Amino acid sequence: MESKLTTFVTGLAVSSPQEHILTSRLGSDSNLAAFLNGSGYIKSELVSLACYTLKLALETDSVDQTPVNRAEVEINWTQTCWETPSCAVLPKTAQAVSTTLKIVNFFQVKFAVRSGGHSPNPGWSSINQPGVLIDLQRLNQITVNADKTVASVGPGGRWGDVYAALDPHNVSVIGGRIPSVGIGGLILGGGYFYFSSQYGLAADNVKNFEIVIADGTIVHANSQQNSDLFWALKGGGPNFGIVTQFDLYTIPVKDIWYSITVYPPDQNPAILNAMAEWQENGAVSDSKGTVNLLIALESTTVLLMYSEPANNPATFAPFYSIPPAAVAMPASNYTVLSILQLVGTLTPDIPQRHDYRAVSSKVDLQLYLDVYTFWREQALAVYNETGANQTFVIQPVPVTLVEQGNLKGGNPLGLPNESFQCWTTLVDWDDAQDDATVRAVSIATSAKWKRLGEERGLYIPFEYMNDASRDQNPLASYGNNNLLKLKAIAQKYDPSQVFQKLQNGGFLLSKV
């Protein structure tokens, strides 16, 4: 035990007085001795000792010990993820993350990592006692290099802050569409943005990842260094370490054209027809345009966006003939920052329970109509029973998006080399007793997409990680070859499987 302790404490690189205190405290702890000797031990006491060690090894204000501040718990966007850890660590540097991982690893403590906390899946970015929350919110730096080609951002920042910082430089990045979403989780899951058809996913536009791997080593992953890890991080999720900085290629986009119109439910067949027509034609011939289609129970919102100043771009012709009930934003030229700010004002911050779901198919109007009809009937019935709001969202994935990913070195997602759509839903409700009833709608709807899609030769077995629900398995949808490659890379950089065995939740390779 003594040699293990000495090696551990020395590796933390603390001051001599701290080293002495820590060695004395740990060396006299009988529960720790039992743990290190493979005997029976009390887990809660071991976690408390890990929190004590974290407090001593890091800056005093970097560790929030029991009772953890309630505000720290409720940073998570959804009530389904409000869990209280034994302690929360808020590192300010990559070195602090390294020290944290060394301590977590030594004590074999369960942990969760939180970037922005926007995942609605319980345990993905939260953890209950006994366990440690690693909260990256203080790693929120945003810098731009001299020639404005690269923006370096921390994982704990929010996308709204990124676009506000980049606006004066007349550049943008491929990132998140909702300003309150955190940086880290979105990129590691792929990152679908307004201009992804033109530039690829957010992960495709990373120049370099600074990442702390399981043993506490800080490494860089890019096309020249650790290129296998670089590939794996472009959509492989939380399986390889904790990213402490993303260097993102900027794009020369600031001034753009868009319009936002609102329609009644009886217009939805016409809207879906326009969507399918645009996906089959305009989206393929002009990658500068994109359509965000959000069908709610009471109304449908259509965002048409073009990545440069324009005047009613011809690519959106199928939509122009459908009369809206209201115009939320008239067609005009605006900025990238303005749409993020607008979305921010439209995104409610009322504490609720939330869920997503993911399923994909080829572009097909009849399939869209049939699944939409099924979904609406189910969603209305559950709304009348529970008050839960649900949406029906078709996210276009033009072949140009896939091509951009391939041109930029590839990623592990295994996207088909054709245009398709990723369906998702946002589900909001209040009462935990209604969880199963409410979630049953999106579960049944995704099953409907799959059954009809398979019957008609239209199903695509891809689940977008950032939209996937807790019971789904997006990594398995990447294809067997990519999955085996991801597992080999995880084993190489994390041979002790710290991120597979100790990480509380997430789409982990060990679950596939």
Side-chain angles (χ1 to χ4, degrees), residues 62-64 67-92 96-97 100 104 110-129 131-142 153-162 175-192 202 237-239 241-246 340 343-344 347-357 424 426-430 432 435 464-470 474 499 503-508:
S62 293
V63 181
D64 185 1
V68 171
N69 189 316
R70 192 66 196 168
E72 176 68 24
V73 171
E74 296 178 5
I75 287 175
N76 286 77
W77 169 59
T78 171
Q79 291 179 342
T80 55
C81 298
W82 286 3
E83 299 181 300
T84 305
S86 301
C87 61
V89 184
L90 291 81
K92 300 175 183 177
V97 173
T100 300
V104 163
K110 294 282 282 186
F111 69 94
V113 182
R114 182 171 69 197
S115 168
H118 204 267
S119 169
N121 295 322
W124 266 227
S125 58
S126 58
I127 188 169
N128 267 323
Q129 301 177 20
V132 173
L133 173 65
I134 304 173
D135 182 346
L136 304 177
Q137 64 172 285
R138 293 179 178 173
L139 286 166
N140 61 354
Q141 68 276 12
I142 305 168
V153 299
R158 306 297 177 113
W159 286 109
D161 295 330
V162 172
R177 293 169 290 175
I178 299 174
S180 59
V181 168
I183 290 167
L186 180 126
I187 295 178
L188 294 177
Y192 181 90
N239 288 286
I242 299 177
V243 178
T244 49
Q245 181 167 294
F246 299 86
L340 268 291
V343 170
T347 306
D349 57 2
I350 303 168
Q352 281 188 296
R353 306 178 76 77
H354 304 287
D355 199 19
Y356 298 149
R357 200 157 190 89
T424 191
L426 171 59
V427 190
D428 307 315
W429 72 103
D430 295 314
D435 283 9
Y464 176 44
M465 181 181 290
N466 289 349
D467 289 335
S469 190
R470 65 194 79 168
F499 283 88
Q503 191 165 200
N504 188 48
F507 295 114
L508 303 180

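These numbers come from the heavy atoms of this one structure, side chains and all, not from hydrogens, waters or symmetry mates. No experiment lies behind these values; they were computed from the predicted model shown. In this chain, residues are counted from 1 in sequence order.
For the pair Arg70/Trp82, a side-chain contact is recorded, criterion being any heavy-atom separation below 4.5 Å from C-beta on. Annotation: side chain of Ile134 is in contact with side chain of Ile242 (closest heavy-atom distance under 4.5 Å). Using a 4.5 Å cut-off on side-chain heavy atoms (C-beta onward), Val132 and Cys87 make contact. Under the 4.5 Å side-chain criterion, counting only non-hydrogen atoms from C-beta, Arg114 is in contact with Asn76. The side-chain heavy atoms of Ser126 and Leu133, taken from C-beta on, include no pair separated by under 4.5 Å. The shortest side-chain heavy-atom distance between Tyr192 and Arg177 falls under the 4.5 Å cut-off. Leu426 has its side chain within reach of Tyr356: a pair of non-hydrogen atoms, C-beta onward, lies under 4.5 Å apart. The side-chain heavy atoms of Gln503 and Pro238, taken from C-beta on, include a pair separated by under 4.5 Å.
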### Message
One pair to check against side chain to side chain contact (heavy atoms under 4.5 Å, CB included): Gln137 and Glu72. What are the steps and the verdict?
### Response
CA-CA 10 Å; Gln137 64 172 285; Glu72 176 68 24; 3.5 Å; yes

### Query
How far apart are the C-alpha atoms of Leu139 and Val97, what are their side-chain angles, what is the distance that settles it, and do they pass the side chain to side chain contact (heavy atoms under 4.5 Å, CB included) test?
CA-CA 10 Å; Leu139 286 166; Val97 173; 3.8 Å; yes

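Here the CD1-CD distance, from Ile350 to Gln79, works out to 11.0 Å after rounding to the nearest 0.5 Å. For the atom pair Arg353 CZ and Trp77 CH2, the distance stands at 12.5 Å (nearest 0.5 Å). Atom CD in Gln141 sits 12.5 Å away from atom CG in Asp161 (nearest 0.5 Å). Here the CD1-CD distance, from Ile127 to Glu83, works out to 7.5 Å after rounding to the nearest 0.5 Å. Taking OG of Ser119 as the start and CG of Leu186 as the end, the distance is 11.5 Å to the nearest 0.5 Å.
Closest of all the heavy-atom pairs between Met465 and Pro474 is CA-CB, 3.9 Å. Val73 and Pro85 make their closest contact through CG2-CD, 4.3 Å (heavy atoms, listed as atom of the first residue, atom of the second, distance). Closest heavy-atom contact between Leu340 and Ile178: CD1-C, 4.2 Å. Smallest separation of non-hydrogen atoms from Ala96 and Pro91: CB-CB, 3.7 Å. For the residue pair Ala112 and Ser125, the shortest heavy atom distance occurs at CB-C, 4.2 Å. Across all their heavy atoms, Val343 and Pro179 have their closest contact at CG1-CD, 4.0 Å.
With hydrogens and angles disregarded, no donor-acceptor distance shorter than 3.5 Å links the side chain of Asp467 to the backbone of Arg357. Within the 3.5 Å criterion, the main-chain N or O of His354 finds a donor-acceptor partner in the side chain of Thr78. Remark: the backbone N or O of Ser180 is not paired with any side-chain donor or acceptor of Trp159 at under 3.5 angstrom. Asn504 contributes no side-chain N or O that, together with a main-chain N or O of Lys110, makes up a donor-acceptor pair within less than 3.5 Å. For the pair Thr84 (side chain) and Asn128 (backbone), a donor-acceptor distance under 3.5 Å is absent.
Considering only residues two or more places apart in sequence or on other chains, Tyr464 meets the ring-ring contact (aromatic ring centres under 6.0 Å, His included) condition with none of them. Partners of Trp429 according to the ring-ring contact (aromatic ring centres under 6.0 Å, His included) rule, which considers only residues two or more places apart in sequence or in another chain, do not exist here.
Of the N and O atoms on the side chains of Thr80 and Asp355, not one donor lies less than 3.5 Å from an acceptor on the other residue.
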